[in-house]
Protein chains: 2
Amino acid sequence: MNEERQSGPADVKRRIIEEATRLFGTQGFDGTSIQAIADAVGIRKPSLLYHFASKEALREAAVESLLIHWKNELPGLLTAHISGYDRFSSSLTAAVEFFLEDTNRARLTVREMLDRPETAHARMKEHLSPWTTLLTDYIRMGQESGTIKADVDPASYIIQVMVMVIGTVAIGDIVAALVLPGGGDSMEAKVSELVRICRESLFSSPRKPA
Amino acid sequence: MNEERQSGPADVKRRIIEEATRLFGTQGFDGTSIQAIADAVGIRKPSLLYHFASKEALREAAVESLLIHWKNELPGLLTAHISGYDRFSSSLTAAVEFFLEDTNRARLTVREMLDRPETAHARMKEHLSPWTTLLTDYIRMGQESGTIKADVDPASYIIQVMVMVIGTVAIGDIVAALVLPGGGDSMEAKVSELVRICRESLFSSPRKPA
DNA sequence: CCTACCGATCGGTAGG
DNA sequence: CCTACCGATCGGTAGG
């Protein structure tokens, strides 16, 4: 009747999702067998299928878990700080570093976008569009008050920032090979250049207005 | 003994690579069977394996073909025009539109970066690093003459531009869903915003110096 | 370029 | 959560 020792069934489910996210992210959905996931968790294949009725159900659970994670963490990280030229840099840096903490999640996200465009489209919209609307409004307000360049297209700007953030985390290391003799500069340099590009193409002047 | 009618063997190889690029790009390497590729071409599976000894050999041929295409077309498109503030925009627009012409190639490229980081790293470096070096040098020269912002990190800047270009083509439509109520603005708007972001974060002043 | 065929692995089920 | 098992499909080969 003890209820705290060892791994409860909820813990097993969590570990399955963890390993699935890692393997789907690095090798892709079709490139990962449920056998391989079961091996990584340390259980047999039919045991995994007791927790998730099908491989497809596991995929959906992994993506859902990923989106919930972002939905819970990102808005607080961003909305609390986006309120001026200086804070813009630090909050965008924090957001990129948040994604960098778990590269597998970023890779799985990109793979989902490639593998199932319509489904990914619908699900991301459902979870994330509420707070991207906030960002769009913030840009429009900045344009009215003159702190943000008038020729910024708010929606397209946010799309490009997201493409840069997720792209840098998912494939930045490989793209870096095209440019650098050594084979890749530090991720730090890429992140600070990303922030610089976003900042200088958004605000009206290099110094914040009074 | 006629040699121009119907499809020669070289033509069949070309069509196999075409269909493989399309299917690998949309469904992934592991998500595409050689049976499916043979069906799309209109031949039997063992016939396909006569032209390419293995599925892996076909993958390599498809990626090689893609890189050769870019290597042949891009340098002329870029180096001829990157020589000032105005031409920068038109040549970057042309480059993005070049990628947009064949979305499958962009998707296959991103998938290769995710599926086989080291191999993709090495092969892209081999084919493309010579002319990215030219771009880096161009930025450094602009910094010395004052037309380009001093705080630009040339290598990281080029990486971010490439991430934006390839990311916009491969997953721009899906990311757009996060932002727009309608479900995605026109690709045109995304491209012109991409160009604006790259331009305004690169040059020293909004008007080109004399 | 084809027919015929192979061993291995896939996702999933039966039954406990 | 396990053992035992299934039909389907996979990449690839033999032989012509």
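In what follows, chains carry the letters A, B, and so on, assigned in the order in which the sequence lines appear, proteins first and then strands, with residues in each chain numbered from 1.
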Report the residues that fulfil side-chain hydrogen bond (donor to acceptor under 3.5 Å, both in side chains) with B/Glu56, sequence neighbours left out, ordered by chain and then residue number.
-> B/Arg116
Knowing that exactly one of A/Ile34, A/Leu48, A/Ile37, A/Leu49 qualifies, which makes a side chain to side chain contact (heavy atoms under 4.5 Å, CB included) with A/Lys55?
-> A/Ile34
How many Å lie between CG on A/Leu23 and P on C/dC10, as a whole number?
-> 13 Å
Those residues that, when tested against A/Arg107, pass salt bridge (Lys or Arg N to Asp or Glu O under 4.0 Å) (two or more places apart) | none
Who are the ring-ring contact (aromatic ring centres under 6.0 Å, His included) partners of A/Phe52, not counting sequence neighbours?
-> none
List in chain and number order the residues that pass side chain to side chain contact (heavy atoms under 4.5 Å, CB included) with A/Asp151, two or more places apart in sequence or in another chain; answer none if no residue qualifies.
-> A/Lys149, B/Arg196, B/Glu200
Taking only heavy atoms on the protein side, list every residue of residues 24-43 of chain A lying under 4.0 Å from any atom of DNA chain C, sorted numerically.
-> A/Thr32, A/Ser33, A/Ile34
A/Ser65: partners by side chain to side chain contact (heavy atoms under 4.5 Å, CB included), with sequence neighbours left out | A/Ile17
Taking C/dT3, D/dG12, C/dG12 as options, the one with an atom nearest any side-chain atom of B/Lys45 is D/dG12
Sequence neighbours left out, what passes ring-ring contact (aromatic ring centres under 6.0 Å, His included) with A/His127? Give chain and number order.
-> none
Whole angstrom is fine here: how far is it from CZ in B/Arg44 over to C1' in D/dT13?
-> 18 Å
Any residue of residues 47-64 of chain A with a heavy atom less than 4.0 Å from an atom of DNA chain C = A/Leu49, A/Ser54, A/Lys55
Which residues share a side chain to side chain contact (heavy atoms under 4.5 Å, CB included) with B/Ser192, sequence neighbours left out = none
Base-pair string, DNA chain D, Watson-Crick plus G-U, cut-off 3.5 Å on both distances, | for inter-strand, is ||||||||||||||||
Under the salt bridge (Lys or Arg N to Asp or Glu O under 4.0 Å) rule, what pairs show up with a residue in residues 25-38 of chain B, not counting sequence neighbours?
-> none
Here the ring-ring contact (aromatic ring centres under 6.0 Å, His included) pairs for residues 21-44 of chain A, sequence neighbours left out, are A/Phe24-A/Phe29
